[in-house]
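Contents: one structure, followed by commentary.
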Amino acid sequence: MVRGDVEAALWQRIRPDGGSGESGVEVRFSTAPVEIVGDGTVVEVELEDVSTGRRSRESFDLVVGADGLRSTVRSLAFGPHERFMTTWNAMICAFSLPGQAPSFGAQDSLVSARSGGAVWVFGLADRAPTALLTYCAKDVGAQFTGDRTERLRDVFADMDHPAVRHVLDALPTTTDCLFDSVHQVKMDRWSTGGSCSPATRRGA
Ligand SMILES: Cc1cc2nc3c(=O)[nH]c(=O)nc-3n(C[C@H](O)[C@H](O)[C@H](O)COP(=O)(O)OP(=O)(O)OC[C@H]3O[C@@H](n4cnc5c(N)ncnc54)[C@H](O)[C@@H]3O)c2cc1C
């Protein structure tokens, strides 16, 4: 299953007519928190409409940070990313392939690996496969400079399998590619600003 399917299911479910039998969930686009202040009972959040720059303040019972590895909510509530993101000196690149690698079946999955790098193709039942490239890198920051396709061709130059070539040749044609460093978030605690009463939990 690809992440987009999870997102599509979520959108389907939260719409007023999404079959949940409940009223729809309000979704605001282009909105990001810029300040979070809690006193243990209520959380004041300053929100910015990033398309206009307009800011407003709102109160909530509970704020949950579900905004990813480089969570803005976490940085506002706990501190800078560097304090919590351990680095694994590794990179990933994931994208959908236009078609299966030559000589493999539509739903075949394959892994070509060597020390320090691997190329994966995940066969899927209802669409073309997705590719995942993983490799070790001493200087993670340097990986984000220069031409990405050239960099990955260099990294995997010693893996001359037709399936690897197929993946690398597809890379410049993709419009939806995830390329990022690998981190683990480590925190002593995952909540701050007091405890929730049962009433607050019900209302949140
Ligand atoms: C290539 C790859 C393969 C993986 N494979 C697996 C696997 O097989 N199994 C597994 O268990 N885990 C896997 N993981 C890890 C898994 O994807 C993550 O652990 C998980 O997605 C983290 O969920 P999250 O909700 O914290 O963040 P995310 O999934 O990153 O979701 C955060 C969302 O918040 C959105 N967002 C950020 N800011 C705002 C804002 N201001 N307003 C609105 N939206 C905002 C982002 O656009 C994003 O959609 C994989 C990760 C990668 C990168």
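As the structure lists them, so they are numbered: ligands from 1, and atoms in each ligand from 1. Positions are given from 1, in the same order as the sequence printed here. Keep in mind that what you see is a predicted model, and the values were worked out from it rather than measured.
- The two residues Val42 and Ser59 make their nearest non-hydrogen contact at CG2-CB, 4.0 Å.
- Atom 50 (C) of ligand 1 is not flagged as protein-proximal [any protein heavy atom, distance under 4.0 Å].
- For atom 15 (C) of ligand 1, the protein comes within 4.0 Å by no heavy atom at all.
- Gly68 CA, 3.3 Å is the protein heavy atom nearest to atom 27 (O) of ligand 1.
- Taking every heavy atom of both residues into account, Cys177 and Arg148 meet most closely at SG-NH1, 3.6 Å.
- The presence of a protein heavy atom under 4.0 Å from atom 12 (N) of ligand 1 is ruled out.
- Scanning the protein for heavy atoms near atom 31 (O) of ligand 1, the closest one is Ala66 O, 4.1 Å.
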Between His183 and Arg70, is a side-chain contact (heavy atoms from CB on, under 4.5 Å) present by the stated rule, with each step listed? CA-CA 10 Å; His183 304 268; Arg70 294 176 184 81; 3.8 Å; yes
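- Distance remark: protein heavy atom present below 4.0 angstrom from atom 33 (C) of ligand 1.
- Of the possible donor and acceptor atoms, none in the side chain of Arg74 sits under 3.5 Å from a partner among the backbone N and O of Gly65.
- Remark: distances from the non-hydrogen atoms of Arg3 to ligand 1 include one below 4.0 Å.
- In this structure, Thr31 counts as a contact residue of ligand 1, since one of its heavy atoms falls inside 4.0 Å of the ligand.
- In terms of heavy atoms, Asp67 sits closest to Val73 at OD2-N, 3.0 Å.
- Counting protein heavy atoms only, atom 52 (C) of ligand 1 is closest to Ile92 CD1, 4.3 Å.
- Between Phe84 and Phe78, the two ring planes are perpendicular [angle over 60°; tilted spans 30° to 60°].
- Regarding atom 45 (C) of ligand 1, its nearest protein heavy-atom neighbour is Asp67 CB, 4.5 Å.
- There is a protein heavy atom closer than 4.0 angstrom to atom 41 (N) of ligand 1.
- Annotation for Arg54: atom CZ does not count as buried by contact number, only 12 or fewer foreign heavy atoms lying within 6.0 Å.
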